[in-house]
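Just so it is clear: chains get the letters A, B, ... in the order the sequence lines come, proteins before strands, and each one is counted from 1.
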Number of protein chains: 2
Amino acid sequence: MLQTKEIDLHATETYPGTQAVARAIALLKAFSDAQPEWNLTDLAQATGLNKTTAFRLLAALEAERLVMRNPLSGGYRLGVELIAMGGTAMRSNPLRAASRPILVTLAEQCGEAATLELLVESYVLVVDEVASNHPMGMTQDVGNRLPAHATATGKVLLAALPDAQLDAMLPGPLARLTDQTIVDPQRLRAELTQVRQDGFVVASGELEPGFVAVAAPVQDRERQVVAAISVGGPSLRLTPDRLPEIAAMVQMSARQISRQLGYWPG
Amino acid sequence: MLQTKEIDLHATETYPGTQAVARAIALLKAFSDAQPEWNLTDLAQATGLNKTTAFRLLAALEAERLVMRNPLSGGYRLGVELIAMGGTAMRSNPLRAASRPILVTLAEQCGEAATLELLVESYVLVVDEVASNHPMGMTQDVGNRLPAHATATGKVLLAALPDAQLDAMLPGPLARLTDQTIVDPQRLRAELTQVRQDGFVVASGELEPGFVAVAAPVQDRERQVVAAISVGGPSLRLTPDRLPEIAAMVQMSARQISRQLGYWPG
DNA sequence: ATACAATATTTCATAATGTGAAAAGTAGTT
DNA sequence: AACTACTTTTCACATTATGAAATATTGTAT
């Protein structure tokens, strides 16, 4: 920087010689479902960049189709090249490849939708989803982010985090999504302890009312929890008496995927 | 550059002050379904970058999770953040938002899968897909790229290109995907002329044997063709006698979407 | 119409950032 | 143990990215 030597808050351990790239990525990460379009001034402010710098970086991103502009408003949006890259990233994801056949079987056995999800910051990212054969309940969630504390998979993945990292990840109060959402950090921590013991967890109406999911962790050859799978559906079908059976199937499938990744139980 | 002042071939009109970002994006674009994993040396060579530069840029991309590394091979792969960004890009795509309800109706009316696609270089990118209710024929193609010359939507989109751009886009011979694929550029050009007259086009087994699709163009308020929609299914169901009816429905839906975008016929 | 406000874009002097050749490290193989 | 192929670190250097200020553009109120 030339003059305004800003203090590098939330510093993502910036590597030397990559300022411009890191900044360009920060611009891309500013876009979300909640705010899919930005004007230059606001976006520069939100990312802490000089307006000129943001403009230049966005021009580069636009030239490569990673961002596009709304011809009416002049606002910036994510571009089509990102859709293509996202598709490539998803199809080439090794976790997804290893788990897909097992998810298909699981969804079939349970008659409910099965998903593969992993943790990105404090959100879970849906990497794959196999819809149930049931007429209803078809969510098209792949590529979507959901708040970790309100999902079964999220609780499984958070439970695997070291305490220090968990503290950093859940600083403030937890967002309430339904009246069942766990908003008390103490309560969540207790639940995470339980997950570590049980090896699975249920989320009942915590993300959206009437939606129940059961999740279990997937581990790699270093016994690291790298993903979680879940089976979910309406509470009318996923009744309490069915949950033990479902949980067993989810856990078994998770273990199968783990074995695919080189995990060896014992 | 310091010493090796390379000539800027396939120069994508590089803007000043964005070299590093443009190079980082070039690295990301090197990944494909055919080559989802690269080692450093090959990737640097393929992108024409110095190995050290590629390494540094990849480190920055890795820190932000746009690329990940295969722990076994040490190879580079596209990362999970790109899956998330791709999802956001897709869900916030204005074209997709405008066309979704119309695609749903179209798929229902035809009893076949309907898609929204747009041109990215010489490929069509599947931006949305509504599966048919038919038991079979469920392709999970969203985010996928297909060669434009072998698809109905691709022919529609190529037909809208100015001749000069078309020449630049189709320099060499066309890839043969099936025995029905149009591989003769003359033959393709003739077909494109036909599309401009008819306002729709059929691709019959040109992408994969036994798959038939009908496509029509979507235009924006400046009368620019910005996308194409299609209805497709197995040739056993999409028989020649049904095609006129299907074509009419596809064209009507395309016009409806165009009107959503501010297009006014006349 | 005209002035005003808000935002986008261009310019340009400056040095900090990104660069790449060379050296050092790390597997994997014969 | 010596070789090979690859990754990672180091470092001197200047090209490239930077941001304040000026200008252009767009939209809104008067």
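- If you measure from atom CG of A:L58 to atom P of D:dA17, you get 15 Å, rounded to the nearest angstrom.
- Using a 4.0 Å cutoff on non-hydrogen atoms, the parts of residues 34-43 of chain A near DNA chain C are A:N39, A:L40, A:T41, ordered by number.
- The side chain of A:R56 places no N or O atom within less than 4.0 Å of a non-bridging phosphate oxygen (OP1 or OP2) of C:dA8.
- By the salt bridge (charged side-chain N to carboxylate O under 4.0 Å, His left out) test, B:D42 is found to be paired with no residue, residues two or more places apart in sequence or in another chain being considered.
- When the salt bridge (charged side-chain N to carboxylate O under 4.0 Å, His left out) test is applied to B:R145, the partners found at least two apart in sequence or on another chain are A:E81.
- Note that CG of B:L261 and CD of B:Q224 are 12.5 Å apart. Values are rounded to the nearest 0.5 Å.
- By the side-chain contact (heavy atoms from CB on, under 4.5 Å) test, A:T151 is found to be paired with A:V124, A:L146, A:T153, A:L207, residues two or more places apart in sequence or in another chain being considered.
- Listed candidates were C:dT19, D:dG19, C:dG18. Nearest to the side chain of A:A20 is C:dG18.
- Listed by chain and residue number, B:E37 satisfy the salt bridge (charged side-chain N to carboxylate O under 4.0 Å, His left out) test with B:R77 (two or more places apart in sequence, or in another chain).
- In this structure A:D167 satisfies the salt bridge (charged side-chain N to carboxylate O under 4.0 Å, His left out) test together with A:R189, sequence neighbours excluded.
- When each of A:T52 and B:T53 is assigned the nucleotide of DNA chain C with its nearest heavy atom, A:T52 is the one assigned upstream, toward the 5' end.
- Look at CD on B:E62: it is 13 Å from P on D:dT7, rounded to the nearest Å.
- Using a 4.0 Å cut-off, no side-chain N or O of B:R69 falls inside it from OP1 or OP2 of D:dT7.
- Atom OH of A:Y123 has 12 or fewer heavy atoms from other residues, nucleotides or ligands within 6.0 Å.
- A:K51 has its NZ atom 12 Å from the P atom of C:dA6, to the nearest Å.
- Distance from the side chain of A:F55 is smallest for C:dT9 among the nucleotides C:dA21, C:dT19, C:dT9.
- When the nucleotides C:dG18, D:dT18, D:dA20 are ranked by their closest atom to the side chain of B:Q19, C:dG18 comes out on top.
- Here A:M252 pairs with A:Q256 under the side-chain contact (heavy atoms from CB on, under 4.5 Å) rule; sequence neighbours left out.
- In the helix from C:dA1-D:dT30 to C:dT30-D:dA1, the terminal helix axes, each the rotation mapping four pairs' C1' atoms onto the next four within five end pairs, subtend 40°, rounded to 10°.
- Among the nucleotides C:dT10, C:dG20, D:dT18, the one closest to the side chain of A:L57 is D:dT18.
- One atom, CG of B:N50, and another, P of D:dT7, lie 13 Å apart when rounded to the nearest Å.
- Remark: A:A54 pairs with A:L27, A:L40, A:A44, A:L49 by the side-chain contact (heavy atoms from CB on, under 4.5 Å) rule, at least two apart or across chains.
- The interatomic distance linking A:N70 (CG) with D:dT26 (P) rounds to 15 Å, in whole Å.
- Between C:dG20 and B:R23, a contact under 4.0 Å exists linking OP1 or OP2 to a side-chain N or O.
- Rounding to whole angstrom units, CD of residue B:Q45 and C1' of D:dA5 are separated by 13 Å.
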